[in-house]
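Sending over a structure as structure tokens; questions will come in a sec.
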Amino acid sequence: KGEGLPKHEHLYSHLTMCFAGSVLVTKENVNITITKDSQPINLREQEWHELEALEDGTIFVNSFAEGKY
């Protein structure tokens, strides 16, 4: 609880998924709570965001592809 990734941005988009517990995803003017039952959140390139676990035992994953195929 209370751990995660502080405000940051990337040069690439990525998906954030929650597998256990819950995560607060904060973007400019948007706060979304996701759980294992939520759809993945697409965080766009060069858009700041912050991720915070809301419960002990929370597991979340960021997935991104590097390069163009």
Side-chain angles (χ1 to χ4, degrees):
K1 182 176 180 176
E3 295 186 35
L5 299 171
K7 183 178 174 180
H8 65 286
E9 60 185 63
H10 306 279
L11 296 177
Y12 49 83
S13 296
H14 69 78
L15 293 178
T16 297
M17 298 157 275
C18 182
F19 292 102
S22 58
V23 177
L24 176 62
V25 179
T26 302
K27 304 188 310 179
E28 188 173 337
N29 299 321
V30 177
N31 294 315
I32 303 166
T33 300
I34 61 172
T35 68
K36 65 179 180 64
D37 298 319
S38 302
Q39 293 291 319
I41 299 290
N42 185 33
L43 298 170
R44 297 182 191 173
E45 71 275 357
Q46 300 181 341
E47 176 181 69
W48 73 262
H49 54 278
E50 185 172 47
L51 305 169
E52 179 185 353
L54 297 177
E55 303 172 44
D56 288 339
T58 294
I59 299 170
F60 68 89
V61 173
N62 292 322
S63 179
F64 64 94
E66 198 171 313
K68 299 190 184 249
Y69 300 99

Here the salt bridge (Lys or Arg N to Asp or Glu O under 4.0 Å) pairs for residues 2-31, sequence neighbours left out, are Lys27-Glu47
Applying side-chain hydrogen bond (donor to acceptor under 3.5 Å, both in side chains) to Asn29 and not counting sequence neighbours gives none
Tyr12: which residues meet the ring-ring contact (aromatic ring centres under 6.0 Å, His included) condition with it, sequence neighbours left out? His10, Phe64
Tell me every residue that passes side-chain hydrogen bond (donor to acceptor under 3.5 Å, both in side chains) with Ser13, counting only those two or more places apart in sequence or in another chain. Glu45
Only pairs at least two apart or in different chains count here, so list each salt bridge (Lys or Arg N to Asp or Glu O under 4.0 Å) that has a residue in residues 13-24. none
Restricting to side-chain hydrogen bond (donor to acceptor under 3.5 Å, both in side chains), what partner residues turn up for Thr26, sequence neighbours left out? Asn31
Does any pair with a residue in residues 33-43 pass side chain to side chain donor-acceptor pair (under 3.5 Å), and if so which ones, sequence neighbours excluded? none
Other hydrophobic cluster members with Val30, side-chain heavy atoms of Ile/Leu/Val/Met/Phe/Trp/Tyr under 4.5 Å, chained? Leu5, Val23, Val25, Ile32, Ile34, Ile41, Leu43, Leu51, Phe60
What is the minimum heavy-atom distance between Gly57 and Ala20, and which atoms define it? O-CB, 3.7 Å
If you link I, L, V, M, F, W and Y whenever their side-chain heavy atoms are under 4.5 Å apart, who else ends up in the same group as Leu54? Leu24
Nearest atoms (heavy-atom pairs only) where Met17 meets Ser63: CE-CB, 3.6 Å
Set of residues satisfying side-chain hydrogen bond (donor to acceptor under 3.5 Å, both in side chains) with respect to Ser22, sequence neighbours excluded: Glu55
